[in-house]
There are 2 protein chains.
Amino acid sequence: MDEDTLTQALSRAETLCAQRGVRLTPQRRRVLELVCRAERPVGAYELLDQLRDGGPAAPPTVYRALDWLLEQGLVHKLETLHAFIGCTHPEHPHASQFLICDGCGGVKELEDKAIAGSLASVAAESGFRPSRPVVEVIGTCSDCAAKHGKD
Amino acid sequence: MDEDTLTQALSRAETLCAQRGVRLTPQRRRVLELVCRAERPVGAYELLDQLRDGGPAAPPTVYRALDWLLEQGLVHKLETLHAFIGCTHPEHPHASQFLICDGCGGVKELEDKAIAGSLASVAAESGFRPSRPVVEVIGTCSDCAAKHGKD
DNA sequence: AGCGCACTGTTATACTGTTTCATCACGGTC
DNA sequence: GACCGTGATGAAACAGTATAACAGTGCGCT
Ligand SMILES: [Zn+2]
Ligand SMILES: [Zn+2]
Ligand SMILES: [Zn+2]
Ligand SMILES: [Zn+2]
């Protein structure tokens with residue numbers, strides 16, 4: 001995420017939190033910034049290392065901030081990578097899907113109605129009430145497929 | 001899984017591996033049995049504890065067996081739980097989806113064409129080549145919803 | 001001042017997974 | 001039989017991920 005997009009994302013987050021009456025404290029803001037600044041999903045301990053540049057910090061610090069950011073939908077957790085990524089459209093709550101390239105590590109966040117729909121209807125058939133759908137597709141992005149083809 | 005189903009599952013696994021020309025060694029068979037015997041997803045260290053009842057064992061032992069069983073499609077890994085579960089229909093390779101109840105811990109394995117289809121087409125739109133789709137829906141099963149309603 | 005509450009700091013610990021090297025068993029070759 | 005390559009196992013150490021437990025701090029409220 002470039003500097004402008006970052007600034008914009010952070011101020012959107014500020015606005016959102018103000019509207020919701022929740023506190024985007026300096027710690028949380030800092031962690032959000034670090035997550036967004038990364039081009040790739042970031043691990044908790046990676047964040048921790050960066051936090052430590054500005055003073056002492058311990059695992060609970062970063063996990064607390066991440067938990068809160070997850071609740072607020074400002075970041076997502078990629079279960080298959082044990083890593084976190086900034087949400088591209090945190091304004092409304094949403095069930096997203098992720099395409100995760102194991103070549104370059106890039107991740108694309110999608111919000112596809114068809115997938116969400118089939119998931120919901122399959123769940124309904126079983127009388128299952130979904131609370132947190134996790135959809136992560138590991139594979140190869142078009143760029144990496146092209147490169148690999150050229151090799 | 002009851003004793004009969006278990007015996008059946010194990011002999012199906014034997015047959016499959018024979019057909020494929022791969023070796024379902026005693027260790028692997030033992031781990032498969034432990035995974036299948038459990039009514040719920042089992043963690044690697046839980047399996048390890050059980051393995052240790054029959055002699056010394058270390059983490060790589062159980063992880064190696066699990067990796068191999070995963071390759072063969074005899075078990076699945078639930079990424080959101082860091083746990084493993086026996087596959088209900090290992091005869092053919094498949095992309096399954098899981099409904100995971102956070103009330104009772106029960107898991108239902110599905111193989112829904114509509115979901116697989118929408119995933120594939122969304123991926124295709126992005127020029128993404130999927131290799132391992134992960135679909136796990138956390139929520140509440142019908143039984144737990146009923147119980148909870150009665151409380 | 002006294003209290004409750006949300007946030008933070010700190011230490012320790014639990015849980016999950018990998019690296020590394022040594023050893024062993026099996027099958028094919030000379 | 002001696003030799004060797006390969007796959008499977010044993011064992012020790014380590015790396016990575018996440019939480020528990022408890023103490024301290026700041027702030028608004030009565
Ligand atoms: Zn999002
Ligand atoms: Zn890529
Ligand atoms: Zn299956
Ligand atoms: Zn349930």
Side-chain angles (χ1 to χ4, degrees), chain A residues 17-18 20-32 34-35 38 40-72 74-85 102 105 132 134 136 138, chain B residues 13-14 17-18 20-32 34-35 38 40-72 74-85 102 105 132 134 136 138:
Chain A
C17 292
R20 293 176 186 168
V22 296
R23 295 170 52 193
L24 183 61
T25 62
Q27 288 261 31
R28 292 166 179 171
R29 193 191 143 99
R30 174 96 175 104
V31 171
L32 177 59
L34 291 173
V35 172
R40 310 247 161 282
V42 223
Y45 278 72
E46 211 171 328
L47 292 168
L48 189 51
D49 286 343
Q50 299 183 251
L51 277 185
R52 280 172 168 153
D53 292 346
T61 301
V62 66
Y63 279 104
R64 283 193 281 235
L66 286 170
D67 285 347
W68 186 89
L69 292 167
L70 286 169
E71 278 170 24
Q72 297 301 321
L74 295 169
V75 306
H76 294 293
K77 175 168 190 179
L78 298 170
E79 298 286 349
T80 51
L81 300 180
H82 306 287
F84 302 83
I85 191 175
D102 54 13
R132 189 168 70 97
V134 172
E136 300 177 14
I138 318 292
Chain B
E14 303 254 22
C17 292
R20 293 176 187 167
V22 295
R23 295 171 51 193
L24 181 61
T25 62
Q27 288 264 27
R28 293 166 177 170
R29 193 191 143 99
R30 174 95 175 106
V31 170
L32 177 59
L34 291 172
V35 171
R40 311 245 160 284
V42 224
Y45 278 73
E46 212 172 327
L47 292 169
L48 188 51
D49 286 343
Q50 298 183 252
L51 276 186
R52 280 172 168 154
D53 292 346
T61 302
V62 64
Y63 279 104
R64 283 193 280 233
L66 285 170
D67 285 347
W68 186 89
L69 292 168
L70 286 168
E71 278 171 23
Q72 296 301 321
L74 295 169
V75 306
H76 293 295
K77 175 168 190 178
L78 298 169
E79 297 286 347
T80 52
L81 300 179
H82 306 287
F84 303 83
I85 192 175
D102 54 12
R132 188 168 69 99
V134 173
E136 301 178 12
I138 318 291

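Throughout, a chain's letter reflects where its sequence line sits, starting with A, and its residues are numbered from 1.
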- Criterion side chain to side chain contact (heavy atoms under 4.5 Å, CB included) on A:His82 and B:His82, from CA distance to verdict: CA-CA 11 Å; A:His82 306 287; B:His82 306 287; 2.7 Å; yes

- Task: Summarise protein proximity over nucleotides 8-22 of chain D in one line of letters, 5' to 3': B for base, S for sugar-phosphate only, - for none, counting protein heavy atoms closer than 4.0 Å.
- Result: SBBBB----BBBB--

To the nearest angstrom, how far is [X] atom [atom1] from [N] atom [atom2]?
| X | N | atom1 | atom2 | answer |
| --- | --- | --- | --- | --- |
| A:Leu66 | C:dT8 | CG | C1' | 15 Å |
| A:Arg30 | C:dT8 | CZ | P | 14 Å |
| B:Leu48 | C:dT18 | CG | P | 14 Å |

- Query: Can you list the residues that meet the side chain to side chain contact (heavy atoms under 4.5 Å, CB included) rule with B:Gln72, with sequence neighbours excluded?
  - Reply: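 B:Gln72 satisfies side chain to side chain contact (heavy atoms under 4.5 Å, CB included) with B:Arg20, B:Val22, B:Trp68, B:Leu74 only.
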
- Message: Tell me the closest heavy-atom pair linking A:Leu70 and A:Lys77, and the distance in Å.
- Response: CD2-N, 3.5 Å

- Query: Shortest non-hydrogen contact from A:Gln50 to A:Arg30?
  - Reply: O-NH2, 3.8 Å

Side-chain donor-acceptor distances from residues 42-49 of chain A under 3.5 Å, at least two apart:
{"from": "A:Glu46", "atom 1": "OE1", "to": "A:Gly43", "atom 2": "N", "distance (Å)": "3.2"}

